[in-house]
Trainee: 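Have a look at this one.
Note that these values count all heavy atoms, side chains included, but never hydrogens, waters or copies made by symmetry. Note that ligands are numbered from 1 as they come in the structure, with each ligand's atoms numbered from 1 the same way.
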Amino acid sequence: MIVKGFCSFIFLMITMALCDASSSRFGILDQNLSVKKDSRLLNRTPVKSIQSKDGDIIDCVRISHQPAFDHPLLKDHKIQTRPSFHPEGLFSESKSSNNKDIKNSIPQLWHLNGRCPDKTIPIKRTKQEDILRASSIQSFGKKESITNPSSIHTELTTTATEDHQESAAAFVRGDEYYGAKAIINVWEPQVQVPGEFSSSEIWIAAGSFDSNLNSILAGWHVLPRLYGDNNTRLFIYWTRDNFQSTGCYNLLCSGFVQTSNEVALGATISPLSTFFGTQFVITILIWKDQKQDVWWLQYGNDTLVGYWPASLFTHLATNASLIEWGGQVFNLESENGLHTTTQMGSGHFPEEGFGGASFLRNLQVVDDSLKLRAPKNIDAFATKPNCYNITLGKSDNWGDFVFYGGPGRNPNCV
Ligand SMILES: *[C@@H]1O[C@H](CO)[C@@H](O)[C@H](O)[C@H]1NC(C)=O
Ligand SMILES: *[C@@H]1O[C@H](CO)[C@@H](O)[C@H](O)[C@H]1NC(C)=O
Ligand SMILES: *[C@@H]1O[C@H](CO)[C@@H](O)[C@H](O)[C@H]1NC(C)=O
Ligand SMILES: *[C@@H]1O[C@H](CO)[C@@H](O)[C@H](O)[C@H]1NC(C)=O
Ligand SMILES: *[C@@H]1O[C@H](CO)[C@@H](O)[C@H](O)[C@H]1NC(C)=O
């Protein structure tokens, strides 16, 4: 009982600290429990807890007690259980996964040790050591970003990139987009120091590249500072103010409404692709349900994870104006200004092709007909092509695809 109480206490602390970047600056130790006496917070006692072999504890929390409902805009929100429509795609799932060298991955490692009952959602427990690690980060939420494709030229000619983010991504912009989909190859890139990360994702964005940028991200990442290990994990992120004070990873703040009792956000993805061995992929689909006024997230062929209520956003309230698919690396440039050895994707350049380089394929957008379509006028950029690069391709089975990634530091990237 004491242990259980202590854990939910810890959960409260991290929720308040990580979520509310604006008020705390991660001064976790000066937080105290009298801050909020929200009954839903106090009720977030798990119905069941599952110990995963990677060290994670997954708490099955009643769906109505999830973090989302702490959000002031969602106090009286009625949970949607199913979308009002599902966008049809160009590729049947079977056609796009009939290659015997490719396997679809939904399995989350913790599934080996149990499942969450109906009417609960799995939440990865935040432990005391997570809080201590997180407390040394100045502002967690600001770590993510999205690169403005238009800025690439200027970035390459200026010596200092202000934010140390490097991207290699395909993108479309200029139309009204109501969603995006991709099949994403999963790897475990090496991350040089805990404060760096490597991710592979879909970005959906609207608004201008200033403090008004709205964005939704979903994909996989390796982020030791958040999780305490180098595992590849499923993640989501949202922001309404260009990653300044709104939004966060996974369910660490209120906003995303989870409906699935199968998928834990932030959980380890397993198995992973091996160099010229079996390639494992995850499928991500995000789309706007105009009737319900939410953005749904689907994982795998048919698992609905949950949704972001459109009311969380300003520009993304109706549609997106930019979609990106690709990889991102955060470079702390800790060693005498040398480039990080943190890898993107498989850690190999696009030229190595299938088995060697990482890929995103069957890139599609939901257009104003509310169907999945091939992206029009797709283009690609890499902020430092000598470190991480990207190539676009197109074929019948793979549709629009990219090979992307790289090793980071090498003789041409220092
Ligand atoms: C905890 O909250 C109480 C009541 O608001 C306040 O008086 C106290 O200073 C706080 N403690 C810390 C360590 O912030
Ligand atoms: C997705 O569908 C394909 C074809 O129906 C199937 O082979 C594959 O196992 C499915 N993947 C998952 C994760 O269910
Ligand atoms: C994660 O990777 C780094 C660098 O490759 C290594 O130094 C560290 O020991 C690893 N951490 C864990 C928990 O395995
Ligand atoms: C699409 O979003 C933009 C704002 O980002 C808005 O101005 C426009 O009216 C929206 N289109 C529709 C059809 O609602
Ligand atoms: C990056 O990829 C592009 C597209 O394939 C290619 O033209 C370019 O030469 C590559 N750059 C480097 C530095 O390898």
Trainee: Answer side chain, backbone, both or neither: which part of Val191 comes under 4.0 Å from ligand 3, heavy atoms only.
Mentor: backbone
Trainee: Do NZ/NE/NH1/NH2 and the carboxylate oxygens of Asp400 and Arg361 come within less than 4.0 Å?
Mentor: no
Trainee: Nearest 0.5 Å, please: how far is CG in Leu363 from CD in Glu324?
Mentor: 12.0 Å
Trainee: Between the side chains of Arg373 and Asp175, is the shortest nitrogen-to-carboxylate-oxygen separation below 4.0 Å, so that they form an ion pair?
Mentor: no
Trainee: Just wondering, more than 12 heavy atoms not from Glu88 lying within 6.0 Å of its CD?
Mentor: no
Trainee: With a 3.5 Å distance limit and no angle check, can you tell me whether Ser215 reaches the backbone of Thr239 through a side-chain donor-acceptor pair?
Mentor: no
Trainee: Under the side-chain hydrogen bond (donor to acceptor under 3.5 Å, both in side chains) definition, can you give me all pairs with a residue in residues 309-321, not counting sequence neighbours?
Mentor: Asn214-Thr314
Trainee: Gln192 to ligand 3: N or O pair under 3.5 Å?
Mentor: no
Trainee: Kindly tell me which protein residues have any non-hydrogen atom under 4.0 angstrom away from an atom of ligand 4, grouped by chain and ordered by number?
Mentor: Glu176, Tyr178, His315, Thr318, Asn319
Trainee: Is Glu352 atom CD crowded by more than 12 heavy atoms from other residues, nucleotides or ligands, each under 6.0 Å away?
Mentor: yes
Trainee: Of all the atoms in ligand 5, which lie at a distance below 4.0 Å from a heavy atom belonging to Thr391?
Mentor: 4 (C), 5 (O)
Trainee: For ligand 5, which atoms, with element, lie under 4.0 Å from some heavy atom of Asn389?
Mentor: 1 (C), 2 (O), 3 (C), 8 (C), 10 (C), 11 (N), 12 (C), 14 (O)
Trainee: I need the single residue from Tyr237, Phe197, Tyr227 that forms a ring pair (Phe, Tyr, Trp, His ring centres under 6.0 Å) with His221. Which is it?
Mentor: Tyr227
Trainee: Relative to the heavy atoms of Asn386, which atoms of ligand 5 are at a distance of less than 4.0 Å?
Mentor: 13 (C)
Trainee: Under 6.0 Å between ring centres: does that hold for Phe280 and Trp220?
Mentor: no
Trainee: Side chain, backbone, both or neither: which part of Ile390 has a heavy atom under 4.0 Å from ligand 5?
Mentor: backbone
